[in-house]
Amino acid sequence: MNPLRRLGSVEAGWWFGRRIAPRVAVTLAPAAGYGVDRVPLEGGGVVAANHFSGIDHPLIGAFSPRPLYFLAKAELFEIPVLGQVLSWLGVFAVRRGEGDREAVRHARELVREGNLVCVHVEGTRQRFGHPGPLHPGALMIAMQEGVPVIPCAVDTFGWRPLSVDDLPRNRKGYAEAGERVGEEIVRLWRLAVAASAAGLPEELPDGARRSGINPTP
C-alpha cells in the first residue's frame with residue numbers, strides 16, 4: 001500500500017493524539033515553544049531537531065501548528081502495540097547505521113506532497129546535554145525536494161525556516177548545509193537553555209515569542 005494513501009488516517013491519529021499527548025508531555029516536562037509562529041503553515045519542509053530524550057517527539061508535536069511525520073528507529077516498530085500506534089500517528093521507521101533508501105524515499109514523497117517531516121538530525125539521543133554532530137540525510141531530503149529546513153532546538157525550543165537553496169546538491173553542499181543547520185540548532189538551543197533558566201519569559205532576545213501548546217483543531 002502506498003504510504004501516502006494513509007495520510008487521511010494519519011491526520012485522524014494526529015487529531016486524536018493531540019488531545020492526549022501534549023498535556024501529558026508538558027506535565028512531565030514543563031516547557032514552552034518559542035518562534036512557533038515562524039513555522040510555515042503550508043507547503044513541504046523538513047524540521048531538523050536535536051535529540052535528548054524519548055519525550056522529544058511529543059514535546060515537539062505539542063507545540064507544532066501542523067502535523068509532523070517523524071522518523072524513528074526501526075526497533076520501536078517491533079514492540080507489540082507501540083509499533084501500530086506509531087504508524088497510526090504518522091511515525092515511520094528508519095534503519096539506523098545503514099543507508100535506508102526506503103525511509104528517504106518516503107520522506108521525500110511526504111515533503112513533496114506538502115507535509116512536514118521531522119528528523120532528529122544527530123541520528124540518536126545525545127547523552128551529554130549538548131547538541132551533537134549532524135548527519136546530512138535529512139538535509140539531503142530538503143535540498144533534493146527544494147523545501148526549507150526548519151531548525152528546531154529542543155530543551156525548550158525555537159523554530160525558523162532556513163533556506164539551503166543556494167547550496168549545490170552534492171556531497172559538498174550537503175556537508176555545508178549540515179554546518180549551517182548545526183550552527184542554527186546550537187544557537188537556538190542556547191537561547192532555549194537561557195529561557196528555561198529565566199523562567200520561560202514572554203520573549204527571547206531574537207524576538208521569538210512564547211507559545212503554549214497548540215489547541216486541537
Student: Closest approach of Phe70 and Gly61, non-hydrogen atoms and distance?
Tutor: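 For Phe70 and Gly61, the tightest heavy-atom pair comes out as CZ-N, 4.3 Å.
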
Student: Please tell me if the side chains of Pro65 and Leu41 come closer than 4.5 Å, counting only heavy atoms from C-beta onward.
Tutor: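 Yes, at least one pair of side-chain atoms sits under 4.5 Å.
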
Student: Is there side-chain contact between Arg180 and Leu134, with at least one heavy-atom pair below 4.5 Å?
Tutor: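 Of all side-chain heavy-atom pairs linking Leu134 with Arg180, none is under 4.5 Å.
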
Student: Applying side chain to side chain contact (heavy atoms under 4.5 Å, CB included) to Val46 and Val111, what does each step give before you reach the verdict?
Tutor: CA-CA 7 Å; Val46 173; Val111 300; 4.1 Å; yes

Student: Given side chains that start at C-beta, do those of Gln144 and Tyr174 come closer than 4.5 Å, heavy atoms only?
Tutor: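 Yes - at least one pair of side-chain heavy atoms lies under 4.5 Å apart.
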
Student: Hey, could you give me the CG/CE distance between Asp166 and Met143, rounded to the nearest 0.5 Å?
Tutor: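 So the gap between those two atoms works out to 8.0 Å.
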
Student: Start with the C-alpha distance between Glu202 and Tyr34, add both sets of side-chain angles, then the distance that settles side chain to side chain donor-acceptor pair (under 3.5 Å), and finish with yes or no.
Tutor: CA-CA 9 Å; Glu202 288 293 330; Tyr34 289 93; over 6 Å; no

Student: Run Leu139 and Val149 through side chain to side chain contact (heavy atoms under 4.5 Å, CB included) and show every step you take.
Tutor: CA-CA 7 Å; Leu139 310 179; Val149 178; 4.0 Å; yes

Student: Heavy atoms, side chains only, cut-off 4.5 Å: are Leu71 and Phe92 in contact?
Tutor: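 Touching, per the 4.5 Å side-chain cut-off.
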
Student: Quick one: list whatever passes side-chain hydrogen bond (donor to acceptor under 3.5 Å, both in side chains) with Arg169, sequence neighbours left out.
Tutor: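 Result, side-chain hydrogen bond (donor to acceptor under 3.5 Å, both in side chains) vs Arg169: none returned.
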
Student: What closest approach, in Å, do Pro148 and Ala142 show between heavy atoms, and which atom pair accounts for it?
Tutor: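 That closest heavy-atom pairing would be O-CB, 4.4 Å.
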
Student: Is any side-chain heavy atom of Val117 less than 4.5 Å from a side-chain heavy atom of Leu68?
Tutor: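 Side-chain contact under 4.5 Å: no.
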
Student: Any Lys/Arg nitrogen of Arg112 or Glu109 sitting under 4.0 Å from an Asp/Glu carboxylate oxygen of the other?
Tutor: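 Between Glu109 and Arg112 there is no salt bridge, as every charged N stays at least 4.0 Å from the carboxylate O atoms.
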
Student: I need the Arg210 CZ to Leu200 CG distance, nearest 0.5 Å.
Tutor: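 Rounded to the nearest 0.5 Å, the CZ-CG separation comes to 6.5 Å.
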
Student: Let me confirm one number: the CG-CD distance from Asn170 to Glu176, rounded to the nearest 0.5 Å.
Tutor: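 Atom-to-atom, Asn170:CG and Glu176:CD are 10.0 Å apart.
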
Student: Does any non-hydrogen side-chain atom of Leu191 lie less than 4.5 Å from one of Pro205?
Tutor: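 Heavy-atom side-chain distance check passes, below 4.5 Å.
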
Student: Determine yes or no for a side-chain-to-main-chain donor-acceptor pair under 3.5 angstrom, with His51 supplying the side chain and His120 the backbone.
Tutor: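 Not a single qualifying donor-acceptor pair exists.
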
Student: Please check if the side chain of Arg190 supplies one atom and the backbone of Ile185 the other of a donor-acceptor pair under 3.5 Å.
Tutor: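 Side chain of Arg190 to backbone of Ile185: no pair is present.
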
Student: Please name the pair of heavy atoms, one in Ala48 and one in Val121, separated by the smallest distance, quoted to 0.1 Å.
Tutor: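 Of all heavy-atom pairs spanning Ala48 and Val121, the closest is CB-CG1, 3.6 Å.
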
Student: Report yes or no: does Asn115 contribute a side-chain atom to a donor-acceptor pair with the main-chain N or O of Gly44 at less than 3.5 Å?
Tutor: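 No: the side chain of Asn115 does not pair with the backbone of Gly44.
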
Student: Check whether any side-chain heavy atom of Leu116 lies under 4.5 Å from a side-chain heavy atom of Ile150, and answer yes or no.
Tutor: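 Answer yes - side chains close enough.
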
Student: To check you understand the geometry: which heavy-atom pair defines the closest contact between Ala49 and Cys118, and what is its length?
Tutor: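 That would be CB-SG, 4.3 Å.
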
Student: Main chain of Gly114, side chain of Glu42: is a donor-acceptor contact present, judged purely on distance under 3.5 Å?
Tutor: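 Not at all, since once roles are kept as given, no pair shorter than 3.5 Å links the two residues.
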
Student: Quick one: closest heavy-atom pair of Arg66 and Ser64, and the distance?
Tutor: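 Heavy atoms of Arg66 and Ser64 come nearest at O-OG, 2.7 Å.
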
Student: Decide yes or no on side chain to side chain contact (heavy atoms under 4.5 Å, CB included) for Val147 and Arg108, but give the supporting numbers first.
Tutor: CA-CA 10 Å; Val147 299; Arg108 289 185 62 176; over 6 Å; no

Student: Take Glu102 and Val94, measure what side chain to side chain contact (heavy atoms under 4.5 Å, CB included) needs, and give me the verdict at the end.
Tutor: CA-CA 8 Å; Glu102 176 62 22; Val94 59; over 6 Å; no

Student: Leu167 and Gly173: which non-hydrogen atoms are nearest, and at how many Å?
Tutor: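 Of all heavy-atom pairs spanning Leu167 and Gly173, the closest is CD1-O, 3.7 Å.
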
Student: Given side chains that start at C-beta, do those of Leu204 and Arg209 come closer than 4.5 Å, heavy atoms only?
Tutor: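 Leu204 does not reach Arg209 side chain to side chain.
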
